[in-house]
Amino acid sequence: QVQLVESGGGLVQAGGSLRLSCAASRFTFSSYTMGWFRQAPGKEREFVAAIKWNAARRDYTDSVKGRFTISRDNAKNTVYLQMNNLKPEDTAVYYCAADTVPNTYRSSYDRADFGSWGQGTQVIVSS
């Protein structure tokens with residue numbers, strides 16, 4: 001059974017930075033596109049970023065472009081989300097997820113494309 005464990009969340013002031021990590025196990029991590037999603041209180045879970053299995057492509061939602069960077073280390077089975085210049089509207093629970101199909105490129109991302117999820121890590125950005 002796929003296991004994804006996020007860490008690195010916390011409370012930070014606006015303009016600050018956090019680095020989220022997601023440790024993966026029990027599947028062939030290096031074959032799967034990995035994504036980060038977030039869910040703010042009272043809102044739908046939304047796509048944040050994704051990285052292709054070989055890191056050849058990275059995609060971001062418009063609101064985080066230029067501030068967030070997704071990366072991965074296939075030797076460590078870990079995906080990261082570096083978040084800089086954080087804003088109060090970034091406050092949410094952040095989830096990492098693995099694509100349902102290995103070695104698949106998608107032109108856009110939806111929750112339904114990701115079949116395995118972590119438990120989430122809370123990020124709170126104070127103004």
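All residue numbers in this chain count up from 1 along the given sequence. Bear in mind the structure is a predicted one, so any value in this text is a computation, not a measurement.
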For Asn85 versus Arg67, what's the shortest heavy-atom pair and its separation?
O-NH1, 3.0 Å
Transitively linked via ILVMFWY side-chain contacts under 4.5 Å: Val125 with Tyr60?
yes
For the pair Thr78 and Asp73, evaluate side chain to side chain donor-acceptor pair (under 3.5 Å) and give the outcome as yes or no after the intermediate values.
CA-CA 5 Å; Thr78 302; Asp73 185 337; over 6 Å; no
Which is it for Lys52 and Arg58 under the side-chain contact (heavy atoms from CB on, under 4.5 Å) test, yes or no, and what are the steps along the way?
CA-CA 6 Å; Lys52 202 174 173 180; Arg58 309 170 197 218; over 6 Å; no
Does any non-hydrogen side-chain atom of Phe68 lie less than 4.5 Å from one of Gln82?
no
Given Leu81, which partner from the list Leu20, Leu18, Thr121 fulfils the side chain to side chain contact (heavy atoms under 4.5 Å, CB included) test?
Leu20
Can you give me the closest heavy-atom contact between Thr33 and Ala50, atom names plus distance?
CG2-CB, 4.3 Å
Straight-line distance of Thr69 OG1 to Arg19 CZ, nearest 0.5 Å:
10.5 Å
Which pair of heavy atoms, one from Thr91 and one from Gln122, lies closest together, and at what distance?
CG2-NE2, 4.3 Å
Can you tell me how far apart OG (Ser31) and CG (Asn74) are? Round to the nearest 0.5 Å.
8.5 Å
Val123 with Ile70, same ILVMFWY side-chain cluster at under 4.5 Å:
yes
On the ring face of Tyr80, is Arg72 found with NZ or CZ under 6.0 Å from the centre and within 45° of the axis?
no
After noting the C-alpha distance and the side-chain angles of Asp62 and Lys65, does the key distance pass the salt bridge (charged side-chain N to carboxylate O under 4.0 Å, His left out) rule?
CA-CA 5 Å; Asp62 286 346; Lys65 285 180 181 177; 3.0 Å; yes
Ring center gap for Phe27 and Tyr32 short of 6.0 angstrom
yes
Could you go through Met83 and Tyr94, starting from their C-alpha distance and side-chain angles, then the distance that decides it, and tell me whether this counts as side-chain contact (heavy atoms from CB on, under 4.5 Å)?
CA-CA 11 Å; Met83 306 187 294; Tyr94 283 72; 3.9 Å; yes
For residues Val93 and Phe47: do they belong to one hydrophobic cluster (side chain heavy atoms under 4.5 Å, members Ile, Leu, Val, Met, Phe, Trp, Tyr)?
yes
Correct closest heavy-atom pair for Leu4 and Ala24 would be CD2-CB, 3.5 Å
Okay, side chain of Thr100, backbone of Asp113: is any donor-acceptor separation there less than 3.5 Å?
yes
Which is it for Val79 and Trp36 under the side-chain contact (heavy atoms from CB on, under 4.5 Å) test, yes or no, and what are the steps along the way?
CA-CA 9 Å; Val79 60; Trp36 285 97; 3.8 Å; yes
So among Glu89, Glu44, Glu46, which one has a salt bridge (charged side-chain N to carboxylate O under 4.0 Å, His left out) with Arg38?
Glu46
Test: Asp59 and Arg57 ion pair at under 4.0 Å:
yes
Closest approach of Leu11 to Ser126 (non-hydrogen atoms, all atoms of both residues):
CD1-CB, 4.4 Å
Value for OG (Ser116) from CD (Gln1), rounded to nearest 0.5 Å, stands at 8.5 Å
Look at the aromatic rings of Tyr109 and Phe114 and report parallel, tilted or perpendicular, splitting at 30° and 60°.
tilted
Considering all heavy atoms, the nearest Val48-Val64 contact:
O-CG2, 3.8 Å
Tell me whether Thr104 contacts the main-chain N or O of Pro102 through its side chain, where contact means a donor paired with an acceptor under 3.5 Å.
yes
Under the side-chain contact (heavy atoms from CB on, under 4.5 Å) criterion, do Arg45 and Trp117 qualify, and how do the steps go?
CA-CA 12 Å; Arg45 192 172 300 188; Trp117 296 81; 3.4 Å; yes
Evaluate the side-chain proximity of Met34 to Phe29: yes if any heavy-atom separation is below 4.5 Å, no if none is.
yes
For a 4.5 angstrom cut-off between non-hydrogen side-chain atoms, does Ser21 reach Glu6?
no
Does one hydrophobic cluster hold both Ile51 and Val2, with members joined at side-chain heavy-atom distances below 4.5 Å?
yes
